[in-house]
Undergrad: 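Here's a structure for you.
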Amino acid sequence: MAAATPHAIAVYVDGFRFISWETASPEFMALAFTVLARNGIRRFLSRDPMNDADSNIACARMVKQGGAST
């Protein structure tokens, strides 16, 4: 993926929601961030529809641990 696209690919992240309004577990979200980063996604744009600052901070930390940036 990185060789095919010279530009950083970004994805919007809605807190602990993954293609759903229901929240996902932190373990699942960490796995999702890691797999996406491993496959070429380098920027994650975090927003939380409930304006939960703690959730945004937790997601940003998981993204960085997974190898990408926020």
Side-chain angles (χ1 to χ4, degrees):
M1 181 80 153
T5 56
H7 306 291
I9 298 174
V11 65
Y12 276 102
V13 180
D14 293 326
F16 283 100
R17 291 162 183 85
F18 188 78
I19 313 174
S20 173
W21 183 252
E22 298 297 320
T23 56
S25 71
E27 296 83 11
F28 176 80
M29 292 307 296
L31 175 66
F33 296 147
T34 301
V35 170
L36 288 167
R38 187 183 318 141
N39 287 287
I41 305 296
R42 292 289 173 245
R43 281 188 65 101
F44 289 78
L45 308 170
S46 183
R47 59 188 177 168
D48 189 288
M50 303 306 286
N51 293 321
D52 184 351
D54 293 332
S55 172
N56 279 328
I57 291 167
C59 282
R61 287 186 178 135
M62 283 188 224
V63 165
K64 289 180 181 184
Q65 288 173 349
S69 65
T70 56

Undergrad: Can you name the salt bridge (charged side-chain N to carboxylate O under 4.0 Å, His left out) partners of Arg47, sequence neighbours left out?
TA: Asp14

Undergrad: What's in the same ILVMFWY side-chain cluster as Leu31, cut-off under 4.5 Å, chained through other members?
TA: Val35

Undergrad: Any chance you could measure Met50, atom CE, to Phe16, atom CZ, to the nearest 0.5 Å?
TA: 14.5 Å

Undergrad: Locate the shortest heavy-atom distance separating Ala68 from Ala37; write the atom from each residue and the value.
TA: CB-CB, 4.0 Å

Undergrad: Tell me every residue that passes side-chain hydrogen bond (donor to acceptor under 3.5 Å, both in side chains) with Thr23, counting only those two or more places apart in sequence or in another chain.
TA: none

Undergrad: Tell me whether Ile9 shares a hydrophobic cluster with Phe44, the cluster being built from Ile, Leu, Val, Met, Phe, Trp, Tyr side chains joined at under 4.5 Å.
TA: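 In one cluster: yes.
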
Undergrad: Could you pull out the closest heavy-atom pair between Thr34 and Gly66, with the gap in Å?
TA: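 In terms of heavy atoms, the two residues are closest at OG1-CA, 3.8 Å.
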
Undergrad: Treating Ile, Leu, Val, Met, Phe, Trp and Tyr as nodes and any side-chain heavy-atom pair under 4.5 angstrom as an edge, say whether Ile57 and Phe33 lie in one connected cluster.
TA: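 In one cluster with Ile57: Phe33, no.
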
Undergrad: How long is the span from the CZ atom in Arg42 to the CG atom in Leu36, to the nearest 0.5 Å?
TA: 10.5 Å

